[in-house]
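To start, the structure itself, in structure tokens.
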Amino acid sequence: MQALPRDFYNRNTIQVAHELLGKFLVHHFNGEDRIGKIVEVEAYLGPQDLAAHTSKGLTPRTRAMFGPPGHAYVYLIYGMHHCMNVVTEPEGTGTAVLLRALEPVANLPVSASGPGRLCKAMGIDKGHYGHDLCSPTLFIADNPDPAPIRIVERPRIGVDYAGEWAAKPLRFYIEGSPYISRK
DNA sequence: AGGATGATATCC
DNA sequence: GATATCATCCTC
């Protein structure tokens, strides 16, 4: 299985979010491949998006999200859960896609539905902050046996503070998947 | 419905 | 230096 090229990420964030659905997230983790199929994501559209961390500007925390596409933006939320994003669009744009749920494919020890659980199941933590996804250890690959899917659009989860941005349909998931984090 | 638990931003 | 807040999850 081969990592998607950086050009895949260097495009419109909503388009990347759509195309990530059904792809495989792969982590080569002490001798085994942990693999999950991406079934749920959210798009974060940069500094003008009040729900995006980059709306706070360039800080040590948001450095990776303002960085070049195809890298991981990992952070700790509520003191106990890690969340993983993939950075999109050219360096400096501050856009990313949050990975919210996976369908287990191989070696996932616990449920990967929900951004915190996803990171726990894949073995992802702050050590992967800024990790290049065009690498052999942690990357996203094409689904070797893709099936047609329908995409559902909903408002994002947990961003009620973001004013009019909270209502925008920027959460995407595969219709009918039993592995999405909530209905 | 509420608590855990720590990094971060934003005040003084 | 103090405090409020948080792209969540588990337990009651």
Side-chain angles (χ1 to χ4, degrees), chain A residues 9 12-21 23 25 27 34 36-89 92-104 108-131 133 138 140 151-174 177-183:
Chain A
Y9 304 99
N12 175 274
T13 302
I14 291 174
Q15 184 171 1
V16 174
H18 274 77
E19 294 186 23
L20 280 173
L21 291 173
K23 295 236 179 322
L25 178 63
H27 188 198
R34 293 191 178 183
K37 186 174 86 171
I38 299 169
V39 298
E40 179 183 346
V41 299
E42 285 178 4
Y44 287 87
L45 300 186
Q48 78 277 15
D49 176 357
L50 279 324
H53 291 167
T54 45
S55 66
K56 298 297 179 187
L58 179 57
T59 67
R61 184 197 201 190
T62 59
R63 193 185 85 253
M65 191 163 160
F66 276 111
H71 290 249
Y73 167 52
V74 181
Y75 64 91
L76 186 65
I77 192 65
Y78 300 114
M80 37 174 71
H81 302 291
H82 294 276
C83 295
M84 175 181 173
N85 301 247
V86 300
V87 179
T88 58
E89 307 200 29
T93 311
T95 48
V97 176
L98 170 68
L99 305 183
R100 286 193 59 90
L102 305 177
E103 173 182 333
L108 295 195
V110 298
S111 162
S113 297
R117 293 189 188 124
L118 182 152
C119 285
K120 183 181 179 191
M122 289 296 289
I124 290 165
D125 60 27
K126 287 201 80 176
H128 297 89
Y129 182 88
H131 179 90
L133 296 172
L138 176 64
I140 296 168
I151 296 174
V152 180
E153 304 186 351
R154 290 288 182 273
R156 293 172 292 186
I157 302 292
V159 296
D160 292 344
Y161 60 88
E164 63 179 27
W165 284 89
K168 293 185 184 295
L170 294 174
R171 173 180 178 232
F172 310 111
Y173 60 85
I174 296 178
S177 171
Y179 297 98
I180 60 175
S181 59
R182 25 212 287 206
K183 284 284 186 190

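All of these numbers come straight from a predicted model, not from anything done at the bench. Chain letters run A, B, ... following the sequence lines, proteins first, then strands; residues in each count from 1.
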*For the residue pair A:H128 and A:H27, does the interplanar ring angle fall in the parallel (under 30°), tilted (30 to 60°) or perpendicular (over 60°) class?*
perpendicular

Could you tabulate the donor-acceptor pairs under 3.5 Å formed by side-chain atoms of residues 45-55 of chain A, not counting sequence neighbours?
{"residue": "A:Q48", "atom": "NE2", "partner": "A:L45", "partner atom": "O", "Å": "3.2"}
{"residue": "A:D49", "atom": "OD1", "partner": "A:A51", "partner atom": "N", "Å": "3.0"}
{"residue": "A:D49", "atom": "OD1", "partner": "A:R156", "partner atom": "NH2", "Å": "3.1"}
{"residue": "A:D49", "atom": "OD2", "partner": "A:L45", "partner atom": "N", "Å": "3.0"}
{"residue": "A:D49", "atom": "OD2", "partner": "A:R156", "partner atom": "NH1", "Å": "2.8"}
{"residue": "A:H53", "atom": "ND1", "partner": "A:Y73", "partner atom": "OH", "Å": "2.7"}
{"residue": "A:T54", "atom": "OG1", "partner": "A:G94", "partner atom": "O", "Å": "2.8"}
{"residue": "A:S55", "atom": "OG", "partner": "A:A52", "partner atom": "O", "Å": "2.8"}

_For DNA chain C, the residues among residues 109-131 of chain A that have a non-hydrogen atom under 4.0 Å from it_ = A:G114, A:P115, A:G116, A:R117

*A:S181-A:E40 side chain donor-acceptor pair, cut-off 3.5 Å*: yes

What's touching nucleotides 1-3 of chain C from the protein side, N or O pairs under 3.5 Å?
none

*Please walk me through it: do A:L76 and A:H82 pass side-chain contact (heavy atoms from CB on, under 4.5 Å)?*
CA-CA 4 Å; A:L76 186 65; A:H82 294 276; 3.8 Å; yes

*Scan A:T59 against the nucleic acid and name what it touches under 4.0 Å (heavy atoms): base, sugar-phosphate only, or nothing.*
sugar-phosphate

*Remember a base hit wins even if backbone is also touched, and classify A:M65 as base, sugar-phosphate or nothing at under 4.0 Å, heavy atoms.*
base

*Under 4.0 Å: is that the gap between some side-chain N or O of A:R182 and OP1 or OP2 of C:dC9?*
no

*asked:* Go through it in stages, so that I can follow the logic: the residues are A:T95 and A:V87, the test is side-chain contact (heavy atoms from CB on, under 4.5 Å), and I'd like the CA-CA distance, side-chain angles, deciding distance and then a yes or no.
replied: CA-CA 6 Å; A:T95 48; A:V87 179; 5.8 Å; no

Going by atom type alone, with no hydrogens or angles, which donor-acceptor pairs under 3.5 Å involve a side-chain atom of residues 109-125 of chain A and a protein atom two or more places apart or on another chain?
{"residue": "A:S111", "atom": "OG", "partner": "A:S113", "partner atom": "N", "Å": "3.2"}
{"residue": "A:S113", "atom": "OG", "partner": "A:Y179", "partner atom": "O", "Å": "2.5"}
{"residue": "A:R117", "atom": "NH1", "partner": "A:S113", "partner atom": "O", "Å": "2.8"}
{"residue": "A:D125", "atom": "OD1", "partner": "A:G127", "partner atom": "N", "Å": "2.8"}

*Output yes when at least one side-chain N/O atom of A:Y78 is less than 4.0 Å from OP1 or OP2 of C:dA7, else no.*
no

_Approximate separation, where rounding is to 0.5 Å, of A:K183 NZ and A:Y173 OH_ = 7.0 Å

_Cation-pi check for A:Y75 against A:R61: NZ or CZ below 6.0 Å from the six-membered ring centre and within 45 degrees of the axis, yes or no?_
yes

*side-chain contact (heavy atoms from CB on, under 4.5 Å) assessment of A:V41 paired with A:L98*: CA-CA 5 Å; A:V41 299; A:L98 170 68; over 6 Å; no

*Across the strands shown, which category fits A:R61 at heavy-atom distances under 4.0 angstrom: base, sugar-phosphate, nothing?*
sugar-phosphate

*Taking any atom under 4.0 angstrom from a heavy atom of chain A, which nucleotides of DNA chain B are the first and last to qualify, 5' to 3'?*
B:dA4 to B:dT10

_Watson-Crick or G-U pairs under 3.5 Å in DNA chain B, rendered as dot-bracket with [ ] for crossing pairs and | for another strand_ = ||||.||||||.

*What's the spacing between A:L108 CG and A:E103 CD if we round to 0.5 Å?*
10.0 Å

